[in-house]
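Quick notes on the structure that follows.
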Amino acid sequence: PSRFSRRGREAKDDGETEPLQFTRARTDSLLASRRVARRHEALMVEEVPAVPPIIVVDDDEVRRETVCAQLRLSGFDPRGVCSDDAVSVAAGGRYPLALVDLVLQGTNGFELARSLRREGGPRVVLTSDYHFTENQLARMDCGAVGFVPRPYQVDELTSFLRAKLSVPPLSNSAETT
């Protein structure tokens, strides 16, 4: 019967197949590619920076959940809360940063930022449809470390938040912009 070789395996005309035969070079090549893949996986794990969790404070539930979903897709670990729960959630010290809407029910973002600062809470980045300059924020003496006007692009927001997370914390008295 005639025989032919096909990718390391020999087949006979009668339909029987002999065991797959690997050459030493092929085995070494497979092992090397597995080592490269493992090293690549290890590098991928190392390259992904750990992003600390942040609080998203907005009394508009739909907007709050939308922002949280966008941040989650961008690698953040957000927790959305309403203004009534913000101070108690931040009290645990787990959150280094809070994204706070300026217009809240029963209070406003400036007052909430002051409360969080007094309690030793996270840094505050304010957001709103209103537009403020850094100088205007400083005059409010609320302790906010920045302001992001809406509407914003998600990549602009995430870049801004990452920048604020990478800055070493300031003392509460020096944290006004």
Just distance, no hydrogens or angles: give the donor-acceptor pairs under 3.5 Å from side chains in residues 143-153, sequence neighbours left out.
from: Arg150; atom 1: NE; to: Asp129; atom 2: OD1; distance (Å): 3.4
from: Arg150; atom 1: NH1; to: Asp101; atom 2: OD1; distance (Å): 3.2
from: Arg150; atom 1: NH2; to: Asp101; atom 2: OD1; distance (Å): 3.0

| query | From Arg114 CZ over to Glu119 CD, what is the distance, rounded to the nearest 0.5 angstrom? | reply | 14.5 Å

| request: For Lys164 and Val125, work out which heavy atoms get closest and say how close. | output: CG-CG2, 4.1 Å

| Non-hydrogen side-chain atoms of Pro78 and Val67 separated by less than 4.5 Å | no

| With sequence neighbours left out, what residues match Tyr95 under ring-ring contact (aromatic ring centres under 6.0 Å, His included)? | none

| Thr158 OG1 to Leu71 CG distance, which is reported to the nearest 0.5 Å | 7.5 Å

| Heavy-atom pair of closest approach, residues Leu104 and Ser83 | CD1-CB, 3.8 Å

| Closest approach of Cys68 to Arg79 (non-hydrogen atoms, all atoms of both residues) | SG-C, 4.2 Å

| query | Does some side-chain heavy atom of Asn108 sit less than 4.5 Å from a side-chain heavy atom of Val103? | reply | no

| message | I need the minimum non-hydrogen distance between Val57 and Ala86, along with the two atoms involved. | response | CG2-CB, 3.8 Å

| query | Taking C-beta and beyond as the side chain, do Val87 and Leu112 meet within less than 4.5 Å on heavy atoms? | reply | yes

| Closest approach of Pro96 and Pro53, non-hydrogen atoms and distance? | CD-O, 3.1 Å

| said: Working to the nearest 0.5 angstrom, can you tell me the gap between Phe76 CZ and Leu161 CG? | reply: 5.0 Å

| query | What's the spacing between Thr107 OG1 and Gln105 CD if we round to 0.5 Å? | reply | 11.0 Å

| said: Using modelled atom types and a 3.5 Å cut-off, is there a donor and acceptor pairing between side-chain atoms of Arg123 and backbone atoms of Leu97? | reply: no

| How long is the span from the SG atom in Cys82 to the CG atom in Asp60, to the nearest 0.5 Å? | 12.0 Å

| field | side-chain contact (heavy atoms from CB on, under 4.5 Å) between Val56 and Gln70, intermediate numbers included | value | CA-CA 11 Å; Val56 176; Gln70 291 170 334; over 6 Å; no

| Going from CD on Glu61 to OG1 on Thr66, what distance comes out if it is rounded to the nearest 0.5 angstrom? | 10.0 Å

| Will you find, in the side chains of Arg118 and Ser115, an N or O donor that is under 3.5 Å from an N or O acceptor? | yes

| said: Once side-chain hydrogen bond (donor to acceptor under 3.5 Å, both in side chains) is applied, do any residues pair with Asp77, and if so which ones, sequence neighbours excluded? | reply: Arg94

| With no hydrogens and no angle check, is any side-chain donor or acceptor of Ser166 less than 3.5 Å from a backbone partner on Ala163? | yes

| request: State plainly whether the residues Arg162 and Asp155 are in salt-bridge range, i.e. N to O under 4.0 Å. | output: no

| Are Tyr130 and Leu126 joined in one hydrophobic group, where the rule is that I, L, V, M, F, W and Y side chains link up if heavy atoms are under 4.5 Å apart? | yes

| said: Would the distance check show the side chain of Asp58 and the main-chain N or O of Arg63 forming a donor-acceptor pair, the cut-off being under 3.5 Å? | reply: no

